Amino acid sequence: MGDLSPNQQPHILIVPTPGMGHLFPLIAFSKRLVVQHNIAITFIVPNDGSSSIELQKKLLQSLPHPISSQFLPPVNMDDLTAETPIEDRIELTLTRSLPALQQALKLTTESTQFSALVVDVFGPAAFDVAKEFNIPPYIFFPTTANVLSLFFYLPKLDAITSSEYRFLSDPIQLPGCIPVEGRDFFSPLHDRTTETYRVFVRMAEKYHSASGILVNSFVDLEPGAFRAIMDRVHGNPPIYPVGPLTQTGSSSGTGSEEVPECLRWLDNQPKGSVIFVSFGSGGTLSQEQFTEMAKGLEMSGQRFLWVIRSPNDKASSAFFTLKSQKRPFDYLPDGFMERTKDLGLVVDSWAPQIRVLAHESTGGFLTHCGWNSTLESVVHGVPLVVWPLYAEQKMNAVLVGEKGLKIGLRVKFNESGIVGRDEICEYVKILMEGEEGKAMRKTVSDLKEAAKLALSNEGSSTKSLAEVAHIWKNHKV
């Protein structure tokens with residue numbers, strides 16, 4: 001078998017795992033490959049049977065040629081409960097879909113020769129299927145180089161550490177990274193007695209067998225971490241910083257051209273005066289915390305745009321679009337809407353985040369610190385109040401906080417796990433009016449320019465993606 005012929009378009013396969021937050025950056029990645037490198041893409045999507053599947057189908061089917069998609073049959077998840085960690089749900093959706101993926105590849109490879117399989121952070125379980133069809137496996141790592149450094153180090157850390165990481169007295173120094181407390185590790189590492197933890201250790205071990213890892217970050221954002229993980233002396237696979245890859249447009253996937261109410265409202269607010277409050281596609285607050293948030297925003301006297309969901313004691317309850325029987329507005333304190341009608345706007349469940357962050361009236365972002373949201377803030381030069389809930393968000397908060405990039409204020413929880421109204425008021429006022437907020441605004445503005453440069457024609461991330469595309473175009477099939 002020889003190289004691809006000059007008129008044969010290279011084709012890659014992408015297998016995402018559940019969650020819109022995983023799909024969005026992969027779509028941005030795909031669009032860039034099509035536009036810049038004329039690479040065709042097929043998504044083969046594991047199906048968890050959740051209500052988000054229809055939104056994923058609509059979104060993928062709206063993408064231009066040569067991006068195509070097919071969905072695998074839904075897997076049986078009846079043995080799982082509401083208490084099953086989201087990481088387990090995600091990983092099981094993939095592993096239970098492997099036989100169907102194998103069958104789909106048998107059919108697809110009769111007419112299509114794939115130059116690479118690209119999976120996301122949870123995807124290495126698919127490597128064996130890829131190798132069966134002689135397809136080199138790659139990982140699109142949708143979060144930070146800091147977190148990837150922990151993935152590489154985790155098997156060793158597991159071997160040399162006897163106690164729970166969250167109880168360690170000293171921070172852990174990952175190569176090239178900001179020292180991180182064990183309690184700030186991503187959620188599945190908080191209890192080493194669980195099967196979820198073991199799954200992550202096994203997953204981390206498989207990372208070394210990837211043909212390459214593409215990271216949705218850029219060198220100037222995490223220079224030390226990238227320098228360390230790109231040093232091949234550690235035995236890591238090739239690392240390609242290709243970010244920041246973020247969504248453009250409405251981010252709704254609906255294709256609607258109607259201007260949402262919140263954007264019309266922002267048009268009437270002073271420049272840089274509004275703090276945007278949103279916990280992403282998966283985050284929720286408890287009823288107590290929801291009330292404290294409302295009171296804190298009201299007390300701050302600052303203009304706000306708040307995306308609300310019905311309260312839930314599980315921080316990630318919206319991840320699989322679980323619905324409450326009551327409207328979110330029913331949970332707000334009595335009289336809140338009337339008292340704040342001249343100060344803020346509350347919207348139900350969704351706002352066009354990209355357009356909100358790009359709006360000149362938006363001056364701050366109170367966020368769960370998911371990496372998509374964090375990158376979007378950097379790209380648009382908006383400083384942060386960071387409120388990590390689950391997954392790797394605490395590690396992201398360390399990166400953007402005072403010991404790292406210095407573009408975000410990290411909230412502190414009390415002994416009951418609550419951020420009180422007085423503290424919320426203070427964080428918002430510091431970000432929007434204080435000297436510390438002004439300094440962060442200047443720093444994030446500089447990073448905005450660095451992000452533009454990374455994605456320019458001669459930028460570091462553009463060159464890195466071109467390097468991978470060259471390998472795929474010359475893959476021997």
Side-chain angles (χ1 to χ4, degrees), residues 1-17 22-23 25-46 60 63 65-70 72 94 97-98 100-142 148 151 203 206-217 229-230 232 236-243 245 461-477:
M1 295 274 182
D3 292 354
L4 290 168
S5 60
N7 61 353
Q8 186 175 347
Q9 185 179 32
H11 204 126
I12 68 166
L13 169 66
I14 296 180
V15 179
T17 51
H22 296 165
L23 190 58
L26 281 169
I27 288 173
F29 170 64
S30 301
K31 289 178 177 178
R32 193 168 291 270
L33 282 175
V34 169
V35 171
Q36 294 185 350
H37 301 288
N38 191 31
I39 289 177
I41 292 151
T42 295
F43 280 83
I44 297 183
V45 185
L60 287 170
L63 298 177
H65 181 77
I67 303 175
S68 61
S69 59
Q70 58 177 288
L72 298 175
L94 177 64
S97 296
L98 292 180
L101 174 63
Q102 186 181 40
Q103 285 300 115
L105 277 176
K106 279 183 181 177
L107 296 173
T108 309
T109 52
E110 290 176 2
S111 58
T112 305
Q113 296 173 325
F114 292 112
S115 299
L117 164 76
V118 179
V119 299
D120 63 28
V121 61
F122 290 91
F127 281 8
D128 292 340
V129 175
K131 288 175 181 175
E132 180 183 338
F133 293 90
N134 194 32
I135 306 172
Y138 287 75
I139 298 170
F140 179 85
F141 199 73
L148 181 55
F151 266 72
M203 193 188 305
K206 277 198 164 236
Y207 268 55
H208 288 279
S209 60
S211 296
I213 301 179
L214 303 101
V215 185
N216 193 15
S217 185
I229 62 176
M230 293 173 77
R232 297 298 297 278
N236 297 340
I239 307 294
Y240 305 97
V242 296
L245 297 173
S461 292
T462 300
K463 290 180 177 178
S464 190
L465 184 60
E467 185 180 347
V468 184
H470 177 77
I471 292 169
W472 292 344
K473 288 176 179 179
N474 291 280
H475 171 63
K476 293 184 178 182
V477 294

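All values below come from the heavy atoms of this structure, side chains included, with hydrogens, waters and symmetry mates left out. Everything quoted here is computed from the prediction, not taken from an experiment. For reference, positions follow the sequence shown, starting with 1.
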> Sequence neighbours excluded, which residues qualify as side chain to side chain contact (heavy atoms under 4.5 Å, CB included) partners of L98?
Replying inline: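 Here the qualifying residues are L94, L101, A125, A126, V129.
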
Determine the minimum heavy-atom distance between [X] and [Y], stating which atoms define it.
X: A100; Y: L72; result: O-CD2, 3.7 Å
X: F114; Y: T109; result: CD1-CG2, 4.1 Å
X: N236; Y: I229; result: ND2-O, 3.1 Å
X: P136; Y: S115; result: CD-O, 3.4 Å

Any chance you could measure [X], atom [atom1], to [Y], atom [atom2], to the nearest 0.5 Å?
X: F141; Y: N216; atom1: CZ; atom2: CG; answer: 10.5 Å
X: S211; Y: I135; atom1: OG; atom2: CD1; answer: 11.0 Å
X: M203; Y: F151; atom1: CE; atom2: CZ; answer: 6.0 Å
X: T112; Y: L107; atom1: OG1; atom2: CG; answer: 11.0 Å
X: I67; Y: I12; atom1: CD1; atom2: CD1; answer: 9.5 Å

Decide yes or no for [X] and [Y]: does some side-chain heavy atom of the first lie under 4.5 Å from some side-chain heavy atom of the second?
X: Y207; Y: P124; answer: yes
X: F127; Y: V119; answer: yes
X: M230; Y: V215; answer: no
X: K131; Y: P137; answer: yes
X: L13; Y: F133; answer: no
X: I14; Y: F140; answer: no
X: W472; Y: V118; answer: yes

> Do side-chain atoms of S464 reach the backbone of V242 as a donor and acceptor pair under 3.5 angstrom?
Replying inline: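 No, because the side chain of S464 does not come within donor-acceptor range (under 3.5 Å) of the backbone of V242.
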
> K463: what forms a salt bridge (charged side-chain N to carboxylate O under 4.0 Å, His left out) with it, not counting sequence neighbours?
Replying inline: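 K463: salt bridge (charged side-chain N to carboxylate O under 4.0 Å, His left out) contacts with E458.
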
Do any side-chain atoms of residues 25-45 form donor-acceptor pairs under 3.5 angstrom with protein atoms, and if so which ones, sequence neighbours left out?
| unit_1 | atom_1 | unit_2 | atom_2 | d |
| --- | --- | --- | --- | --- |
| S30 | OG | L26 | O | 2.8 |
| N38 | OD1 | Q9 | NE2 | 2.9 |
| T42 | OG1 | H11 | NE2 | 2.7 |
| T42 | OG1 | S68 | OG | 3.2 |

Of all residues at least two apart in sequence or in a different chain, which pass the side-chain hydrogen bond (donor to acceptor under 3.5 Å, both in side chains) check with [X]?
X: E467; value: none
X: T17; value: H22, D120
X: H470; value: N474

> Checking side chain to side chain contact (heavy atoms under 4.5 Å, CB included) for the pair T108/Q70: CA distance, chi angles, key distance, verdict?
Replying inline: CA-CA 10 Å; T108 309; Q70 58 177 288; 3.5 Å; yes

